[in-house]
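Values reported hereafter were calculated over all heavy atoms of this structure, with side chains retained and with hydrogens, waters and symmetry mates removed.
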Amino acid sequence: MFGKSLFKQSCKANGTMWIIITVAVCFMLSCVMLIAGNGDLGDTKVVIEDAIVEGELTAQTQGRAIEYYSLTDETLRFFDSRFQSEFAAFSQENDMQKAIATAYTKALFAVKNEYYPLLLSHMGYASQSVQAQELMGIVFYSLNPPETDANGIPTGKNQFDDFFDYGTLGIAPPDYTVYLSDILNNPQHAERRQKYAMTQASIFLAGNMIKEENVTLILNELSQYHITPEKFHDFGFDDFSFIRRLSENTVVNYRANFAYRWEHKQEDETEESIKQNLTAELACGLLSALPDTVSDALKEIGAADLYGTLVGSIFFKMAGLLLPIIYMIMTANALIAGQVDSGSMAYILATGTKRKEVAFTQAMYLIGSLLAMFLCTTLTSVICFAIVDVNTKLTYGKLLLINVGAFFVLFAMSGICFLASCVFNRSKHSMASGGGLNMFFLVATMLGLFGSPVLPSIIRMKALNTFNYVTIISLFDVVSILEGTLTYLWKWGILVAIGIICYVAGSVRFAKKDLPL
């Protein structure tokens, strides 16, 4: 079944072309892997990813700034109303200081026992939840009520005096006595109240965000985007002054826009609807500010494994197949049809070599030469991958699977070429049918790339995805390999089946057909 002399003859006839093609493929592969691994490909992804993360952090901080300000301002407005009514009731019967103290106590009691429980219920927070604790801080921070001991005796300090390290931050804790004086003596108190609410809300937000436990929590959530503490520090979201300034600027913008829109409101607009729209506009991140298709594409780029895509889906699935396909077409034709066409097959068969032996030997040479070629590419890819230092989902195991998948593609395509070579007696017919069909598969794969999910949606042309359904190369599922799923296995099965069927069918056809000898 196996002719050694015929195998040696095939090696000698096609060996030079095999060496040239193999060296060229390995050289291209090494250039792609080394240049991409040590170039700007990874940096581009990181820059996009960082821009997205920083934009979303900014948006969330701005949204919380408006939320903190609104809650603080509404709390102070309720407190002011109660304080003024209580002060009016007691100021005529008591001295001024006692009236202020009594009015403050009663107003604070109303905030604690009336306003806060209703607000907690309205927002749907459980009383002991983290959100409830945060809400309590927002509500009471600006008022900074006096601290009492277990017996209810004032300690001479206020509850939030030790909440932050104010000395390090370079600010003082809220002083409710100054605020009370402003309520009674400043006719422009409403405007001052809003500024006071902005200042205290921004301090509370910034102070909370830079606490070590909160920074650690944020970093844990961002770890999937490879945000390190150093990079987070560069963003500025662990810096009190930066966050406070960002918060205050956001609130100033919010207040100015609200005043203008309220003055020019439409008939169907309410105060609440204007506030909601403003918050959505001012607190939108990079992605939400863009059209959905663009933002989705940026998310895809940020989450994409560009290196794995380049090596797997672009090189091994297209560029890296081109030269092996050319070798395969020319060799498959030369092994059977070319020798029949030139008349040399008559000399081979005249030596007593059976047709089955000829077909089996030539098939083994074609398969073996392709296998040897991909053993070389496998070794090259492993060495190059060991040299580069790049953030990718690609591993040595996945790289080996990609090389195996590429070989299975060539095995199936070489089977088609071998079948054509066995069916036709003329080289031109063999190359036109088998070679033409395989080149169509390659071109269809190239066109299908621009419609496949491998590319970001911003440059993807979905109509071209149709070409992925007319090429057997699409059965080489690089995405499945990179993502660690097993979908590629049944597709490999189809490729192997195509190759085996074509090689067997070609051998049978060659053994039975009439030869022009």
Side-chain angles (χ1 to χ4, degrees), residues 50-77 134-135 137-139 141-144 160 163-166 168-175 178-179 182 186 188-211 214-215 218-219 222 227 231-265 271-290 295:
D50 289 353
I52 293 173
V53 172
E54 185 176 8
E56 293 305 307
L57 282 173
T58 301
Q60 290 184 23
T61 303
Q62 290 174 320
R64 293 185 71 185
I66 295 174
E67 180 186 10
Y68 278 32
Y69 162 75
S70 299
L71 289 170
T72 302
D73 185 53
E74 290 297 327
T75 300
L76 292 176
R77 185 181 300 182
E134 182 183 30
L135 182 62
I138 298 170
V139 168
Y141 178 76
S142 59
L143 298 172
N144 197 6
F160 289 92
F163 196 70
F164 299 132
D165 187 357
Y166 292 100
T168 303
L169 298 179
I171 58 174
D175 188 349
V178 176
Y179 183 75
D182 189 77
N186 191 342
Q188 303 296 326
H189 174 70
E191 179 67 21
R192 290 285 296 275
R193 183 195 71 238
Q194 293 178 341
K195 291 183 179 179
Y196 181 76
M198 176 188 70
T199 300
Q200 301 308 325
S202 298
I203 290 174
F204 185 75
L205 172 60
N208 256 349
M209 285 189 66
I210 67 169
K211 284 189 172 183
N214 290 332
V215 171
I218 295 173
L219 284 173
L222 295 177
I227 302 300
K231 188 175 292 185
F232 188 73
H233 176 73
D234 291 338
F235 290 163
F237 289 97
D238 60 353
D239 181 79
F240 175 83
S241 298
F242 171 79
I243 299 174
R244 179 183 176 183
R245 185 168 59 252
L246 174 63
S247 176
E248 290 182 345
N249 290 340
T250 302
V251 173
V252 167
N253 197 6
Y254 171 79
R255 289 174 55 196
N257 275 277
F258 175 77
Y260 176 82
R261 294 196 183 185
W262 182 250
E263 183 179 352
H264 300 83
K265 67 174 182 176
E271 179 179 354
E272 187 63 27
S273 66
I274 294 176
K275 288 181 178 180
Q276 289 178 353
N277 292 334
L278 268 177
T279 301
E281 292 173 15
L282 298 178
C284 66
L286 171 65
L287 298 182
S288 56
L290 298 172
S295 63

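- Looking at Glu134 and Arg64, a side-chain N of the basic residue comes within less than 4.0 Å of a carboxylate O on the acidic one, giving a salt bridge.
- Residues Thr58 and Phe235 fail the side-chain proximity criterion, which asks for heavy atoms closer than 4.5 Å.
- Annotation: side chain of Tyr69 is in contact with side chain of Gln194 (closest heavy-atom distance under 4.5 Å).
- Here the straight-line distance linking atom OG1 of Thr72 with atom CD1 of Ile203 works out to 11.0 Å at 0.5 Å rounding.
- Counting heavy atoms from C-beta outward, Tyr141 and Phe164 have side chains that approach closer than 4.5 Å.
- Salt bridge Glu74/Arg77: present, at least one basic N to carboxylate O contact under 4.0 Å.
- Atom CG in Asn208 sits 8.0 Å away from atom CD1 in Ile138 (nearest 0.5 Å).
- Rounded to the nearest 0.5 angstrom, Asp238 CG and Met209 CE are separated by 9.5 Å.
- In this structure, the side chains of Pro173 and Asn144 come closer than 4.5 Å at one or more pairs of heavy atoms.
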Next on the checklist: For Ser142 and Leu76: C-alpha separation, side-chain torsions, deciding distance, then whether side-chain contact (heavy atoms from CB on, under 4.5 Å) applies.
Outcome noted: CA-CA 8 Å; Ser142 59; Leu76 292 176; 3.5 Å; yes
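- Side-chain contact between Ile243 and Ile210 is present, with at least one heavy-atom pair separated by less than 4.5 Å.
- Contact of the Ile171 side chain with the Arg244 side chain is registered, since non-hydrogen atoms from C-beta on lie closer than 4.5 Å.
- Rounding to the nearest 0.5 Å gives a distance of 8.0 Å between OH of Tyr166 and CZ of Phe160.
- Judged by the 6.0 Å and 45° rule, Lys211 forms a cation-pi pair with Phe163.
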Checklist entry - Going through the distances and angles, do Glu191 and Arg255 end up as a side-chain contact (heavy atoms from CB on, under 4.5 Å)? => result CA-CA 11 Å; Glu191 179 67 21; Arg255 289 174 55 196; 2.7 Å; yes
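- Under 3.5 Å, the side chains of Asn253 and Asn249 contain no donor-acceptor pair of N or O atoms.
- Annotation: the span from Thr75 atom OG1 to Arg193 atom CZ amounts to 11.0 Å, rounded to 0.5 Å.
- By the 4.5 Å heavy-atom criterion applied to side chains, Val215 and Phe232 are counted as neighbours.
- Contact annotation: the side chain of Tyr254 never approaches that of Gln62 to less than 4.5 Å [non-hydrogen atoms, C-beta and beyond].
- From Thr250, atom OG1 reaches atom CD of Glu248 across 10.0 Å, with rounding to the nearest 0.5 Å.
- Tyr68 contributes no side-chain N or O that, together with a main-chain N or O of Gly63, makes up a donor-acceptor pair within less than 3.5 Å.
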